[in-house]
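Presented below is the structure to which this report refers.
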Amino acid sequence: MAEEGVPVIRYEELPEGPAVVLLDQRRLPGEETEVVCTDVPALVDAIQSLAVRGAPVLGITGGYGVALAAALRVDVADAAEQLANARPTAVNLAYGARRVEAAYREAERAGEGAEAAAVRALAQARALHREDAEGSARLAEYGSALLEELVPGGGLRILTHCNTGRLVSGGEGTALAVVKAVHRAGALRRLWVGETRPLLQGARLTAYEAAKAGMAYSVLTDGAAGSLFASGEVDAVLVGADRIAADGSVANKVGTYPLAVLARHHRVPFVAVAPVTTIDPATASGCDIEVEQRAAHEVTVGPWGGSGLSGAEGKEGRALVPVGAQAYNPAFDVTPSELVTAVVTDEGVASPVTAERLTELCSASRRQASRSADGMMRS
């Protein structure tokens, strides 16, 4: 299985110095190669070019990036700022960077010195990585139990969008971790994989993971989802999230909102699966979520858009539209809470999705953090 292959992310002490090493998601599924980032600007570029992507693993990346800056004795505050702002919609990225920065600052205030502070920062980043893996297992447990309640009897046909598996996590993922648990229980009939235009994270990455796991799956064009619902072929929709506002609005890969509307019309459960750190109490509503706008050439240039994927396949990009055509290319859209059946987190499930229930889940997370072994608050 892919889980036994190239690690998605790791911090390495190489002969030439410390580095954050990433599985290059731009080159999947054709080849499993790595990107070695020996400084923060290289890591920021890897994030923005989607060599690494997915909310939880972006948090881990942000944490390791700050630890790398500390080890290199460069400005830690500046590094944390660069990393936190590399992709503005993904709240976990800023969370990971700020959490490790806080550990570094605490060591400084304690008079531990730069070397000891760097050690503390790396320990905190590794703790974040470990906790994400543990949280992923809880997501799978809570999510699969919820599906048993919502759609009893097994034989599930689940539709997913973008990529939410091992590639986005320290563990098995978020929504796809739930699907894997259902599959292992023998209750998955088919996984429907939305291709996820324009960069095809579903077709390239989720299909790659589904094949490695031995699932029965089919890839569909994003525009075919409506006919799939209309024919009664979808039992549940499972997606991830890059930010969840205090009111329960869910920001996820563009194309998620139309699936939620379809699911509501056809009375199909629509479930978002994300670690509790994806809930952002400081963002009051979906209207307040900053949606990242990406470059037009990802839409206007083929065969794989302008993400670097064309080169990864050894093909030259070609224009798909008339010269001078404008493009609208938001990376995410926002689904209001009234269209979300449940939000599954590593601290429990919110169903119905209310501000009060999300606050309870965040409070539970803070209580757990305050009992952590190093005694540091992680909120």
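All values derive from a computational prediction rather than experimental measurement.
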Q. Are the charged groups of Lys212 and Glu209 less than 4.0 angstrom apart, N to O?
A. no
Q: Start with the C-alpha distance between Arg357 and Glu360, add both sets of side-chain angles, then the distance that settles salt bridge (charged side-chain N to carboxylate O under 4.0 Å, His left out), and finish with yes or no.
A: CA-CA 5 Å; Arg357 179 56 178 151; Glu360 289 176 8; 3.0 Å; yes
Q) Less than 4.0 Å between a side-chain N and a carboxylate O, is that true for Glu81 and Arg98? A) yes
Q: Keeping the roles fixed (side chain from Glu195, backbone from Asp222), state whether a donor-acceptor pair exists under 3.5 Å.
A: yes
(Q) Would the distance check show the side chain of Thr206 and the main-chain N or O of Cys162 forming a donor-acceptor pair, the cut-off being under 3.5 Å? (A) yes
Q) Does the Asn329 side chain pair with the main chain of Ala295, one donor and one acceptor, at a distance under 3.5 Å? A) yes
Under 3.5 Å, which donor-acceptor pairs link side chains of residues 226-233 to any protein atom two or more places apart or in another chain?
residue	atom	partner	partner atom	Å
Ser227	OG	Ala224	O	2.9
Ser231	OG	Ser227	O	3.1
Ser231	OG	Leu228	O	3.0
Glu233	OE1	Arg157	NH1	3.3

Q: Say whether, by atom type as modelled, one donor and one acceptor occur between the side chain of Thr89 and the main chain of Glu292 under 3.5 angstrom.
A: yes
Q. When you measure from the side chain of His183 to the backbone N and O of Ala213, does any donor-acceptor pair fall under 3.5 Å?
A. yes
(Q) Please enumerate all residues that pass side-chain contact (heavy atoms from CB on, under 4.5 Å) together with Ala175, with sequence neighbours excluded. (A) Thr164, Leu238, Val273
Q. Donor-acceptor pair, Arg243 side chain versus Pro88 backbone, under 3.5 Å?
A. yes
Q: Report the distance from atom NZ of Lys253 to atom CG of Asp242, rounding to the nearest 0.5 Å.
A: 7.0 Å
Q: Check whether any side-chain N or O of Asp346 sits under 3.5 Å from a backbone N or O of Val276 as a donor-acceptor pair, and report yes or no.
A: yes
Q | Residue pair Ser169 / Asp132, side-chain donor-acceptor N/O under 3.5 Å | A | yes
Q) Are the side chain of Ser285 and the backbone of Asp247 linked by a donor-acceptor contact shorter than 3.5 Å? A) no
